[in-house]
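These notes are about the structure you will find just below.
Predicted model only: the values in this text are computed from it and were never measured.
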Amino acid sequence: MKSQTRGGTRWRRFAVVMVPSVAATAAIGVALAEGALAASFSVSGQQFQVTAKSLNGKGFVQYGALDQTKKGNKPVAVVGINSAEITKLCQAVTIPTPIGDVTMKLTAGDGDKKVEATKLFIDADDLSANAKFTNVDIGVSVSDTTKGPGPAAPDKDGRGAYVPGSFAQQADEVEFTDVNQKAWATSAGTFTLPGLHMGVSMGAATCPTK
């Protein structure tokens with residue numbers, strides 16, 4: 001009985017520590033924002049799933065970069081959006097623990113109010129969606145992009161490093177529907193999550209893809 005009690009205490013402490021961290025990092029993808037945000041956290045190397053029914057953004061840029069994580073370098077596609085509105089956002093991450101896999105899932109924007117973000121950066125290595133771009137430029141130099149919020153300069157540890165002058169694309173506006181992606185991190189200047197709900201449970205779980 002004493003062993004079970006101690007195990008229960010460890011689980012409660014784990015939940016108390018981890019749940020706020022998910023709220024702090026909730027978003028759509030891996031991201032290294034410009035300025036102070038770019039150096040504000042170290043990418044953990046723990047991949048997570050993000051889905052959304054729709055994402056409408058203004059001021060879009062995308063380019064390739066290399067993120068340094070505790071598990072090694074990760075090639076990623078960075079998406080930067082000046083302002084975004086998101087419906088039916090879901091984020092799920094499975095964490096291995098001494099007591100088994102633990103899933104943390106977050107949902108928001110499922111009612112009349114949409115999730116809103118500014119200066120949103122997303123680094124991901126897998127994305128599926130339906131997409132529409134307005135006034136798109138494909139093949140522009142990443143150093144000369146003007147329509148999105150980036151690119152951000154790499155921080156002192158090299159996170160978010162990209163090759164100056166390399167391939168990028170940009171657009172005035174972008175519309176994504178049925179978004180399903182695997183990301184390494186996300187950051188934003190502001191992130192508003194109406195109807196936020198977060199749950200922690202044993203075992204693996206995923207977000208709905210439709």
Side-chain angles (χ1 to χ4, degrees), residues 17-52 54-87 89-93 95 104-109 114-127 129 142 145 147-162 168-171 174 176 179-194 196 198 207:
V17 171
M18 293 304 296
V19 168
S21 71
V22 179
T25 60
I28 267 195
V30 86
L32 298 170
E34 56 192 344
L37 283 177
S40 64
F41 66 90
S42 174
V43 178
S44 69
Q46 177 70 55
Q47 197 174 47
F48 56 94
Q49 179 193 22
V50 182
T51 65
S54 67
L55 184 155
N56 295 325
K58 294 183 178 180
F60 168 90
V61 63
Q62 184 179 41
Y63 55 93
L66 190 67
D67 286 345
Q68 292 184 355
T69 78
K70 297 182 184 300
K71 295 183 179 181
N73 294 332
K74 303 294 182 183
V76 295
V78 180
V79 169
I81 302 175
N82 278 326
S83 63
E85 292 186 339
I86 306 160
T87 60
L89 172 67
C90 176
Q91 174 186 297
V93 60
I95 306 294
M104 295 177 288
K105 182 183 288 188
L106 174 150
T107 58
K114 299 179 180 180
V115 172
E116 296 181 353
T118 62
K119 302 298 181 183
L120 175 66
F121 282 82
I122 303 166
D123 290 11
D125 60 9
D126 188 271
L127 167 67
V142 64
T145 55
K147 296 183 178 182
D155 68 9
K156 60 183 179 61
D157 295 322
R159 292 186 293 269
Y162 62 91
Q169 59 180 344
Q170 62 179 356
V174 63
F176 292 119
V179 179
N180 181 20
Q181 68 178 342
K182 295 178 181 178
W184 293 100
T186 299
S187 61
T190 62
F191 219 112
T192 304
L193 296 155
L196 173 66
M198 191 178 333
C207 291

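Summarising the geometry of Gly59 relative to Pro149, their closest heavy-atom pair is O-CD, 3.8 Å, with the distance given to 0.1 Å. Annotation for Ala84 and Leu55: closest pair CB-CD2, 4.4 Å, computed over non-hydrogen atoms. Nearest heavy atoms, Ala92 versus Phe48: O-CB, 3.5 Å. Scanning both residues, Cys90 and Lys105, for their nearest heavy atoms gives SG-CG, 4.0 Å.
Between Ile81 atom CD1 and Ile122 atom CD1 the span is 5.0 Å, to the nearest 0.5 Å. Atom CD in Gln47 sits 8.0 Å away from atom CG in Asp126 (nearest 0.5 Å). Leu120 contributes atom CG, which lies 7.5 Å from atom OG of Ser187 (distance to the nearest 0.5 angstrom).
The salt bridge (charged side-chain N to carboxylate O under 4.0 Å, His left out) check on Lys114 picks up Glu85, with sequence neighbours excluded. By the ring pair (Phe, Tyr, Trp, His ring centres under 6.0 Å) test, Phe60 is found to be paired with Phe133, residues two or more places apart in sequence or in another chain being considered.
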### Task
Evaluate the criterion side chain to side chain contact (heavy atoms under 4.5 Å, CB included) for residue pair Val50 and Gln181; output intermediate values, then yes/no.
CA-CA 5 Å; Val50 182; Gln181 68 178 342; 4.1 Å; yes
### Query
side chain to side chain contact (heavy atoms under 4.5 Å, CB included) between Asn82 and Lys119: does it pass, once the steps are laid out?
CA-CA 5 Å; Asn82 278 326; Lys119 302 298 181 183; 3.4 Å; yes
### Val174 and Val79: CA distance, side-chain angles, deciding distance, side chain to side chain contact (heavy atoms under 4.5 Å, CB included) verdict
CA-CA 11 Å; Val174 63; Val79 169; over 6 Å; no
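Checking side-chain atoms of Gln49 against main-chain N and O of Cys207 turns up a donor-acceptor pair under 3.5 Å. Judged by distance alone, the side chain of Gln170 and the main-chain N or O of Lys147 form a donor-acceptor pair under 3.5 Å. Counting only distance, with no hydrogens or angles, the side chain of Asp125 and the backbone of Pro75 share no donor-acceptor pair below 3.5 Å.
Taking 4.5 Å as the limit, some side-chain heavy atom of Met104 sits within range of a side-chain heavy atom of Val93. Residues Tyr63 and Thr145 form no side-chain contact, since every pair of their non-hydrogen atoms from C-beta on lies 4.5 Å or further apart. Side-chain contact between Ile86 and Ser54 is absent, with no heavy atoms from C-beta onward closer than 4.5 Å. Using a 4.5 Å heavy-atom cutoff, the side chains of Leu66 and Lys74 are not in contact.
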